[in-house]
Amino acid sequence: MSTCILTIEKLQEIAPITNALANQVEMLTSFIEVSEIMHLKEDILGEALYNEIISNIENGVWSGSNQTLTETYLYNLSGW
């Protein structure tokens, strides 16, 4: 699986559905990847900004605005 904005750990923090799935939450990883590409990358952020945020995640280096955007909006948007 490629890097995603929303991780399973973050999903467990923000989405109550993970409580019902317990240890089966790993089943959702492919759906997270597809939904991020379809909705965040293609419809909301565009390819350049999406790729920049993914690069920030992979490198562990954030610009202030990308981190704020991700933590304030994208985690919750991805989780629902």
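Being a predicted model, the structure only gives us computed values, none of them experimental. Here, residue 1 is the first one in the sequence, and each next residue gets the next number.
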message = With a 4.5 Å cut-off on side-chain heavy atoms, are E47 and K41 touching?
response = yes
Non-hydrogen atoms of Y75 and L6 that approach each other most closely = O-CD1, 3.9 Å
request  = Please identify each residue that fulfils side-chain hydrogen bond (donor to acceptor under 3.5 Å, both in side chains) with D43, with sequence neighbours left out.
outcome  = none
query = In Å, rounded to the nearest 0.5 Å, how long is the span from CD1 of I57 to CD of Q67?
reply = 10.5 Å
ask   = For the atom pair CG (N51) and CG (N56), what is the distance rounded to the nearest 0.5 Å?
value = 11.0 Å
Non-neighbouring partners of I44 that pass side chain to side chain contact (heavy atoms under 4.5 Å, CB included), sequence neighbours left out = L40, L77
ask   = Where do E33 and C4 come nearest, in terms of heavy atoms and distance?
value = CA-SG, 3.7 Å
inquiry  = Measuring from atom CD1 of I53 to atom OG of S65, what distance do you get when rounded to the nearest 0.5 angstrom?
reply    = 8.5 Å
query = How long is the gap from OG1 on T7 to CD on E13, to the nearest 0.5 Å?
reply = 7.5 Å
ask   = Side chain of N66, backbone of W62: donor and acceptor closer than 3.5 Å?
value = no
Side chain S35, main chain I32, donor-acceptor under 3.5 Å = yes
L45 and L74, any side-chain heavy atoms less than 4.5 Å apart = yes
